[in-house]
Amino acid sequence: MGNSALKAHLETAQKTGVFQLTGKGLTEFPEDLQKLVSNLRTIDLSNNKIELLPPLIGRFSILKSLVLNNNKLTALPEELCKLKKLETLHLNGNHLRQLPSAFGQLSALKTLSLSGNQLRTVPTQLCGLRHLDVVDLSKNQIQNVPDTVGELQAIELNLNQNQISQISVQISHCPRLKVLRLEENCLELSMLPQSILSDSQISLLAVEGNLFEIKKLRELEGYDKYMERFTATKKKFA
């Protein structure tokens with residue numbers, strides 16, 4: 001990609017607040033973007049070969065959306081956590097094993113997508129995020145869902161296509177959790193906390209493709225309570 005092309009992109013971004021450069025084989029975050037730290041609300045560098053996100057990312061003070069799907073990121077800098085206006089973060093299809101320790105400081109975050117990474121657990125840092133709506137952790141290597149999940153504020157949690165065989169009963173205490181996706185994991189029926197059915201806010205539980213037949217779910221205590229919530233929600237959206 002030539003300098004003149006990049007320059008044209010920068011000029012457009014200065015006016016629009018949006019910098020989008022996808023599928024160009026970039027191996028690093030464009031340094032020239034730092035000229036626009038106070039302009040950019042959206043950065044999309046998906047489908048490139050970026051291995052490192054530089055610390056200067058923390059200087060984009062009005063950034064609302066950062067999209068880096070399908071790159072080669074193995075870690076994220078702590079400086080990312082300074083983005084107090086960031087609402088959307090998409091990092092699908094990278095090689096991330098964990099999140100920065102200060103990730104809970106991204107106080108405006110609403111949507112987080114980490115599908116297709118190498119996470120082994122549900123990051124505890126997510127529990128501090130008060131405005132989180134959707135968390136996508138599908139296609140990782142998560143084996144269990146820890147007690148801390150009870151503090152998660154998300155409305156939807158996607159854990160499809162992991163290796164989950166254990167789920168903390170605390171998940172039924174999530175105050176806003178309405179949609180829980182657990183398809184294609186390694187769950188035995190006995191490992192699914194019944195309180196998800198009888199005593200939670202969850203109105204859509206997707207558990208196809210585990211180690212039990214779906215019809216067995218209907219025999220569990222609390223299933224009728226779950227169906228009441230499921231039906232009420234369906235009516236609301238109908």
Side-chain angles (χ1 to χ4, degrees), residues 1 3-117 119 122-137 151-156 176:
M1 167 131 193
N3 272 346
S4 55
L6 184 59
K7 203 168 170 217
H9 273 277
L10 290 169
E11 280 169 15
T12 310
Q14 192 161 9
K15 297 185 188 89
T16 61
V18 177
F19 184 84
Q20 188 176 27
L21 198 56
T22 60
K24 295 287 188 227
L26 295 180
T27 52
E28 49 191 48
F29 186 87
E31 288 258 308
D32 285 348
L33 278 187
Q34 58 190 323
K35 297 170 186 163
L36 301 178
V37 287
S38 52
N39 300 69
L40 292 183
R41 283 185 299 280
T42 299
I43 296 176
D44 182 354
L45 293 165
S46 297
N47 303 315
N48 281 295
K49 297 174 180 167
I50 298 168
E51 291 179 21
L52 277 178
L53 199 53
L56 71 89
I57 193 66
R59 292 169 45 203
F60 290 85
S61 53
I62 65 165
L63 197 64
K64 279 192 166 181
S65 173
L66 179 59
V67 184
L68 290 159
N69 294 335
N70 304 320
N71 276 282
K72 300 193 171 201
L73 298 170
T74 52
L76 299 169
E78 289 287 340
E79 286 79 4
L80 176 70
C81 309
K82 293 178 181 169
L83 300 177
K84 296 290 180 240
K85 298 260 167 74
L86 195 68
E87 293 177 8
T88 305
L89 181 58
H90 288 289
L91 296 160
N92 301 329
N94 280 283
H95 308 293
L96 299 169
R97 290 171 185 267
Q98 58 194 44
L99 296 179
S101 57
F103 199 83
Q105 291 173 14
L106 290 171
S107 49
L109 202 62
K110 290 180 183 171
T111 304
L112 175 63
S113 284
L114 286 160
S115 180
N117 279 281
L119 299 172
V122 177
T124 51
Q125 297 94 314
L126 302 185
C127 297
L129 297 168
R130 294 280 165 251
H131 300 287
L132 210 50
D133 290 334
V134 179
V135 181
D136 185 353
L137 301 173
E151 294 165 46
L152 190 68
Q153 299 286 325
I155 297 168
E156 175 170 343
R176 298 168 68 217

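Just so you know, these numbers use all the heavy atoms, side chains as well, and skip hydrogens, waters and symmetry mates.
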Ignoring hydrogens, what is the shortest heavy-atom contact between [X] and [Y]? Give both atom names and the distance.
X: Leu36; Y: Ala13; value: CD1-CB, 3.8 Å
X: Asp44; Y: Thr22; value: OD1-CG2, 3.5 Å
X: Glu151; Y: Arg130; value: O-NH1, 4.3 Å
X: Leu63; Y: Thr42; value: CD1-N, 3.7 Å
X: Gln34; Y: Arg59; value: OE1-NH1, 3.3 Å
X: Ala75; Y: Leu96; value: N-CD2, 3.5 Å

Indicate yes or no: at least one non-hydrogen side-chain atom of [X] is less than 4.5 angstrom from one of [Y].
X: Glu79; Y: Leu53; result: no
X: Lys72; Y: His95; result: yes
X: Leu89; Y: Leu80; result: yes
X: Val122; Y: Leu152; result: no
X: Leu73; Y: Ile50; result: yes
X: Leu56; Y: Glu31; result: yes
X: Lys7; Y: Asp32; result: no
X: Leu76; Y: Leu91; result: yes

[atom1] of [X] to [atom2] of [Y]: how many Å apart, nearest 0.5 Å?
X: Glu156; Y: Leu132; atom1: CD; atom2: CG; result: 11.0 Å
X: Phe103; Y: Leu109; atom1: CZ; atom2: CG; result: 5.5 Å
X: Leu6; Y: Glu11; atom1: CG; atom2: CD; result: 10.5 Å
X: Ser38; Y: Gln14; atom1: OG; atom2: CD; result: 8.5 Å
X: Lys64; Y: Leu86; atom1: NZ; atom2: CG; result: 10.5 Å
X: Leu83; Y: Ile62; atom1: CG; atom2: CD1; result: 11.5 Å

Between [X] and [Y] (side chain of the first, backbone of the second, donor and acceptor by atom type, cut-off under 3.5 Å), is there such a pair?
X: Asn69; Y: Ser46; value: no
X: Gln125; Y: Pro100; value: yes
X: Arg176; Y: Gln153; value: yes
X: Lys84; Y: Gln105; value: yes
X: Asn48; Y: Gly25; value: yes
X: Thr16; Y: Val18; value: yes

Would you sort out whether Leu129 and Val135 count as a side-chain contact (heavy atoms from CB on, under 4.5 Å), showing the intermediate values? CA-CA 11 Å; Leu129 297 168; Val135 181; over 6 Å; no
| request: For the pair Leu45 and Lys24, evaluate side-chain contact (heavy atoms from CB on, under 4.5 Å) and give the outcome as yes or no after the intermediate values. | output: CA-CA 9 Å; Leu45 293 165; Lys24 295 287 188 227; over 6 Å; no
For Leu114 and Leu99, what are the C-alpha separation, side-chain angles and deciding distance, and is it a side-chain contact (heavy atoms from CB on, under 4.5 Å)?
CA-CA 10 Å; Leu114 286 160; Leu99 296 179; 4.0 Å; yes
Do Ser101 and Glu78 meet the criterion of a side-chain donor-acceptor pair at a distance under 3.5 Å?
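Distance-only check passes for Ser101 and Glu78.
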_Quick one about Asn71 and Asn94 (side-chain donor to acceptor, distance below 3.5 Å, no hydrogens or angles considered), yes or no?_
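On atom types as modelled, these side chains do not qualify, holding no pair under 3.5 Å.
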Worksheet item: Among Thr27, Leu33, Leu26, which residue meets the side-chain contact (heavy atoms from CB on, under 4.5 Å) test with Phe29?
Response: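 In the set Thr27, Leu33, Leu26, the residue that makes a side-chain contact (heavy atoms from CB on, under 4.5 Å) with Phe29 is Leu33.
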- Could you check Asn39 against Phe19 for side-chain contact (heavy atoms from CB on, under 4.5 Å), going step by step and ending with a plain yes or no? CA-CA 10 Å; Asn39 300 69; Phe19 184 84; over 6 Å; no
